[in-house]
Amino acid sequence: MNAFDSLADLVRSALERLIADGALPAGLPLDSVQVEPPRDPAHGEAATNAALLLAKPARLAPMELAERLAAQLRSAPEVVEAAAARPGFVNLRLVPAFWLRAVHAALELGADYGRVDLGRGRPVNVEYCSANPTGPLHVGHGRGTVFGDALANLLAYTGWKVTREYYVNDAGAQIETLARSVHLRYREALGEAIGPIPEGLYPGEYLVPVGRALAESEGPRWRDRPEAEWLPLFARRAVEAMLARIRDDLAALGVHHDLFRSERELVETGAVDEALAFMEKKGLLYTGTLPAPKGKPVEDWEPVPQLLFRATAFGDDTDRPLKRSTGHWTYFAADIAYHLDKWRRGFDRMIDVWGADHGGYVKRMQAAVKAFSDGRASLEIRLCQLVNLLDGGKPLRMSKRAGRIVTLRDVVDEVGKDVFRFMMLTRRNDAPLDFDLVEVTQQSKDNPVFYVQYAHARIRSVFRHAAEQDLPGSARALLDAPLARLSDPAELALVRAVAAWPRTVRAAAEQSEPHRIAFYLQELAALFHALWTRGKEMPDLRFLVAEDRPLTLARLALLEAVRTVLATGLGLLGVTPVEELH
RNA sequence: GCGCCCGUAGCUCAGUAGGAUAGAGCACGGGAUUCCUAAUCCCGGGGUCACAGGUUCGAAUCCUGUCGGGCGCACCA
């Protein structure tokens, strides 16, 4: 049990005793009681809002209730001080031994210290990246990819059975465009002068090798044939090549999906027809004509009857078309089939990570999931805002037409996956992010990842020195260290930060907010660096004290606990905890 | 016009399920290095939490409106 959970239990049992004594009425909602670290450390080491929450149902003034609770809590052996504070908090100070349990737990549990079983083994599907296979990943994709990956890590760590999934949009007009673009490169590889890439085709150089490979394996036989004959082949080969490249880019970021699900396959195997027939049978579809769109006038708009989904019955703003005037399924229809497919594979919890430019799509997708599952499946959609690429403070304009795309791979190769991942995660996903190529390539202290990694490296450094002095270095060997010797305020602050790790994990997982892990790690690193420097100023506080082996063991135990938490936290973010920095 | 997201220090951002005197980094000013890595640390100035109402013991946080910014708005993906 982690520190703050056990404090909440302590407070609840104190309240129960007050109820038993008749000092409080029965039937109070004790579950809502929380114990948290107070914002201002001067208030104490932990604080509960119990009296504020329960004052009304207990028909007591908050301060009166707080006083009674504080008096009751003072009798607990762990409690050194319990004080009521206006408007009704109860502030607690605990015996150091209470907090030191967390250090012991970290040593004992290692990477499992902080793990909480929120998921109880239930399955969750996290779909992220899912970039169209028409080109390499760019920096904007990188953000959602890193976010989704860290979120998946976090859910797996908290007891969920996670499947990481990539939806491949390998059907539709864009793929035909891709195939035509590759055909042009194919002709080029056969020696033809193709001139400038025509409007409407993909100009990127990355298609050159795809065309060359086709020229080598196929020869010139498709050069002058009608499009209908070569298009499927070229589309398939192009998508394969792009996907291979995307997987490679993902691997460079440390991202590995469990499943790549193909849209084309859903269409070709009849899964879309089947899914929509399922919707039809539930009475969710009808044929009708949508009103003209409200915004900027659409030039070629004309009222046509279409097959529609009753999205408005499930919270969307308008009903949504499922079939195009050509008779083909819309993207949305295939997406419904895909999510139905997920649900049937056993996922009643699904999380999609999308770019903010798909924000207009959220309601209809959630409406569809609600509709086909009769409300039994949940779809959470996390939108990642855009990344503003800057070059030395100046906005870098990316133009697909000019072929001037800053690829994810370029940036990752330049700054490293650790820096990229950490930078993407030190911000809430729903706020835009400035990513300055100059700033992050400088690998200066502007990169918070170094700050955290440096803390880890420094701890490893201490242990290298400890090994030279014949001191134990493993967590197991430090389990019996006399932790009670830790007494300096800077040491105890670090101990309490270690104790706060499990609740940080829980909050981050429950809110789907991996950035909380990143911020916590920076705080933990800051407390460690501060202690380190105090040791420079006051030799008594150095970690390795030659003449006092028990004290040294206690400090090494604390350092190992901190290191464990740093390594675990960095691991959740997908960042490598380094042994040393140079 | 409608929908979603955002607005917190000069800049970039946190703010833990409504809690106490709103925090950190950068930048700026001052200081610390014979000693476990100074890529670090310590001290300081900096704020009408866009604005106006509302809900209540209490609001940066929840609700309504206004202003400002971003994204999106049949038959593309």
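Below, chain A is the first sequence line, B the second, and so on; all start at residue 1.
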Could you walk me through whether A:Tyr520 and A:Arg516 pass the side-chain hydrogen bond (donor to acceptor under 3.5 Å, both in side chains) test, one step at a time?
-> CA-CA 6 Å; A:Tyr520 168 86; A:Arg516 293 190 184 198; over 6 Å; no
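Inter-residue side-chain proximity for A:Leu266 and A:Tyr167 is flagged as met; some heavy-atom pair is nearer than 4.5 Å.
Considering only side-chain atoms of A:Ala85, the nucleotide from B:A20, B:U12, B:C41 that sits closest is B:A20. Checking B:C75, B:U16, B:A38 against the side-chain heavy atoms of A:Thr330 singles out B:C75 as nearest. When distances run from any side-chain atom of A:Tyr454 to the nucleotides B:C57, B:A20, B:A38, the shortest one goes to B:A38. Of all nucleotides listed (B:U40, B:A20, B:G70), B:A20 comes nearest to the side chain of A:Asn91. Residue A:Asp357 has its side chain nearest to B:C71 when only B:C71, B:A20, B:U40 are considered.
Ion pairing of A:Glu491 with A:Arg555 is present here, as a side-chain N (NZ or NE/NH1/NH2) and a carboxylate O approach within less than 4.0 Å. A salt bridge is absent between A:Glu468 and A:Arg464: the closest approach of a Lys/Arg side-chain nitrogen to an acidic carboxylate oxygen does not fall below 4.0 angstrom.
For the P atoms, the distance linking B:C63 with B:G7 amounts to 13 Å, nearest Å. The C1' atoms of B:U64 and B:C28 are separated by 41 Å, rounded to the nearest whole Å. Spacing between B:G25 and B:C42 at atom P, rounded to whole Å, works out to 8 Å. With both ends at atom P, the span from B:A50 to B:U61 equals 8 Å, rounded to whole Å. If you take atom P in B:A22 and the same atom in B:C36, they sit 41 Å apart, rounded to whole Å. Only the P atoms considered, B:C6 is 27 Å distant from B:U21, to the nearest whole Å. Rounded to the nearest Å, the gap between the P atom of B:C71 and that of B:A59 is 35 Å. Nucleotides B:A9 and B:G46 have their P atoms positioned 15 Å apart, rounded to a whole Å.
For A:Leu425 and B:C13, the CG to C1' distance is 14 Å, given to the nearest whole Å. A:Arg364 has its CZ atom 12 Å from the C1' atom of B:C75, to the nearest Å. The distance between atom CZ of A:Arg382 and atom C1' of B:C71, rounded to the nearest whole Å, is 17 Å. B:A17 atom P lies 7 Å from atom CZ of A:Arg503, rounded to whole Å. Atom CZ of A:Arg428 is separated from atom C1' of B:G70 by 14 Å (rounded to the nearest Å). Remark: P of B:G7 and CD of A:Gln385 are 11 Å apart, rounded to the nearest angstrom.
In terms of position on RNA chain B, the residue among A:Glu537 and A:Tyr331 whose nearest nucleotide sits closer to the 5' end is A:Glu537. Between A:Trp329 and A:Leu53, the residue whose closest nucleotide on RNA chain B is further toward the 5' end is A:Leu53.
The shortest distance between the side-chain N/O atoms of A:Lys363 and the OP1/OP2 oxygens of B:G3 is not below 4.0 Å. Remark: A:Arg555 is not in phosphate contact with B:C36, judged by side-chain N or O atoms under 4.0 Å from OP1 or OP2. Between A:Gln511 and B:A17, a side-chain N or O to OP1/OP2 separation shorter than 4.0 Å is present. Within the 4.0 Å cut-off from OP1 or OP2 of B:C71, not a single side-chain nitrogen or oxygen of A:Trp354 is found. Taking side-chain N and O atoms only, A:Arg458 has a distance below 4.0 Å to OP1 or OP2 of B:A38. A sub-4.0 Å separation between OP1 or OP2 of B:U16 and a side-chain N or O of A:His515 is absent. One finds a side-chain N or O of A:Lys536 lying less than 4.0 angstrom from the OP1 or OP2 phosphate oxygen of B:A38. In this model, the phosphate group of B:A24 is not approached by any side-chain N or O of A:Tyr520 to a distance below 4.0 Å at OP1 or OP2.
Here the shortest heavy-atom pairing between A:Glu45 and A:Arg496 reads OE2-NH1, 3.5 Å.
In this structure, A:His358 counts as stacked on the base of B:A77 under the 5.5 Å centre distance and 30° plane angle limits. Judged by ring centres under 5.5 Å apart and planes tilted less than 30 degrees, A:Trp532 fails to stack against the six-membered base ring of B:U40.
Figure legend. B:C73 is base-paired to B:G1; pairs are counted as Watson-Crick or G-U wobble with both atom distances under 3.5 Å. With a cut-off of 3.5 Å on both pairing distances, the Watson-Crick or G-U wobble partner of B:G53 is B:C63. In a base pair of the Watson-Crick type (N1 to N3 plus N6-O4 or O6-N4) or a G-U wobble (N1-O2 and O6-N3), with each distance short of 3.5 Å, B:G10 is matched with B:C26. Across the strands present, B:G47 finds no partner; the criterion is a Watson-Crick or G-U wobble pair with both atom distances under 3.5 angstrom. B:U33 is unpaired under the Watson-Crick or G-U wobble criterion, no partner having all donor-acceptor distances under 3.5 Å.
Side-chain atoms of A:Gln174 and A:Asn132 form a donor-acceptor pair, as typed in the model, at a separation below 3.5 Å. A:Arg563 and A:His456 share a donor-acceptor pair across their side chains, judged by distance under 3.5 Å alone.
The side-chain contact (heavy atoms from CB on, under 4.5 Å) test with A:Val146 singles out one residue from A:Val575, A:Leu573, A:Leu425, and that residue is A:Leu425.
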